[in-house]
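Protein chains get the first letters and strands the later ones, always in sequence-line order, with residue 1 at the start of each.
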Amino acid sequence: MAGICKMCDQTLGRYNKSGYCRKHLGTANAQNPEWREKHRAGVLRKIKYDPEYKAQLAERARRIGSDPSTRAKRSETFRKGRYWELGNAAQEKGSDARKRAGRSIRERRLSWCPPHLREEYMWLMRSQRVPAAEARVMIEEQNELELARWRRSIGYVEEQKPDLADQVMAEIETGEERDPFLRALSAAVIAFSVSVDDIFSEAREVALVRPRQALALVMRRHGKRTTSDIAAHLHRSDHTSAINWLKRGEEIERKDKEFASAVALVADAWNHEVGSMAA
DNA sequence: GACCAGGGTCATTAACCCTG
DNA sequence: CAGGGTTAATGACCCTGGTC
């Protein structure tokens, strides 16, 4: 049965089901959320299953976008409409959108860093002022240590590396004090009235932990050594020991003047300024 | 502190999608 | 085929977070 278009006086054909003439059908569809959703799904489907089409679309948009006259026109439109104000209003300071942007970039930049070590990486960067590249090496070393531990736990036998701490002991025994670490170690022995064995021992008495903290601080600051390296020099296999020495050492240094001056003495030795110490 | 990349805003462009 | 919607990238700008 023929009817009249809902939007104009146009007589409709006998098979018309929409109730709209050809001219107004598009407008009616555009106002129908269901139709729009269906249409949208169709476009997305095309893009999803036709990579060539998608690439075509992108290429075209790029081409148009990079045309100087189009760019100038868009800039003008944007400036005139002050559209950035809308963009900024939509994501105020501290908004979820901005945080999301921050998280996204963090995720991309820290993708190399195992999630459980990221806090430690940031601590090295911020509190310890370790340059990014160096902090990354330290974290990667730590990760490698953890992986090695895990490999051992499942029975995988690794090639043995020479023990750095053993090398240090050998140098002490032969009296060849070429290493700044050995000078600093000697200074720590004097400054804290302990023995080398005490420093290298497993004991956790405060009197023995202090020289380790002082040595760690000096190695970090003056030798730019990694925490793994510091730990190995002080007979520890895990670099987290060094991190703890550094953390606690800094705190104590701020509060305890006596400890601070002992650290300075060890630092002098490291830097070869042994004149004051020998006296 | 400077620099970079990403996220948010809307308009613009051409080609394609969908429906009857 | 008509007609509006959708897609892509891009423009300016600010803020966030990482890096130097």
- Whole angstrom value for the distance that separates C1' of C:dT16 from CG of A:L110: 14 Å
- Message: Using a 4.5 Å cut-off between side-chain heavy atoms of Ile, Leu, Val, Met, Phe, Trp and Tyr, which other residues end up in the same hydrophobic cluster as A:Y53?
- Response: A:V43, A:I47, A:L57
- A:M125 atom CE is separated from C:dG18 atom C1', nearest whole Å, by 7 Å
- Task: Take the protein atom CZ of A:R103 and the nucleotide atom C1' of B:dG7, then report the distance between them rounded to whole Å.
- Result: 12 Å
- Using atom CE of A:M122 as one end and atom C1' of C:dT16 as the other, report the distance to the nearest whole Å. 13 Å
- Item | Separation of A:W245 CH2 from A:L234 CG (nearest 0.5 Å) | 4.5 Å
- What does nucleotides 14-20 of chain B look like as a protein-contact string, B for base, S for sugar-phosphate only, - for none, at under 4.0 angstrom between heavy atoms? BSSBBBB
- Query: Roughly, in whole Å, what's the span from CD in A:E59 to C1' in C:dT10?
  - Reply: 14 Å
- Distance in angstrom units between A:K54 NZ and C:dT6 P, rounded: 18 Å
- Task: Among Ile, Leu, Val, Met, Phe, Trp and Tyr joined by side-chain contacts under 4.5 Å, find the other residues sharing a cluster with A:L145 and list them by chain and number.
- Result: none
- Query: Rounding to a whole Å, what distance do you find between A:W84:CH2 and C:dC13:P?
  - Reply: 6 Å
- Item | Nearest-0.5 Å distance, CG of residue A:L117 to CD of residue A:E146 | 5.0 Å
- Task: Look up atom CE in A:M125 and atom CZ in A:R136, then write down how far apart they are to the nearest 0.5 Å.
- Result: 11.5 Å
- Query: Under the ring pair (Phe, Tyr, Trp, His ring centres under 6.0 Å) test, which residues partner A:H39, sequence neighbours left out?
  - Reply: A:W35
- Query: To the nearest 10 degrees, what angle separates the axes at the start and end of the helix from B:dG1-C:dC20 to B:dG20-C:dC1, five pairs each?
  - Reply: 40°
- Task: Under the ring pair (Phe, Tyr, Trp, His ring centres under 6.0 Å) rule, collect the residues that match up with A:W112, sequence neighbours excluded.
- Result: A:Y121
- How close or far is atom C1' of C:dG18 from atom CZ of A:R118, stated in whole angstroms? 13 Å
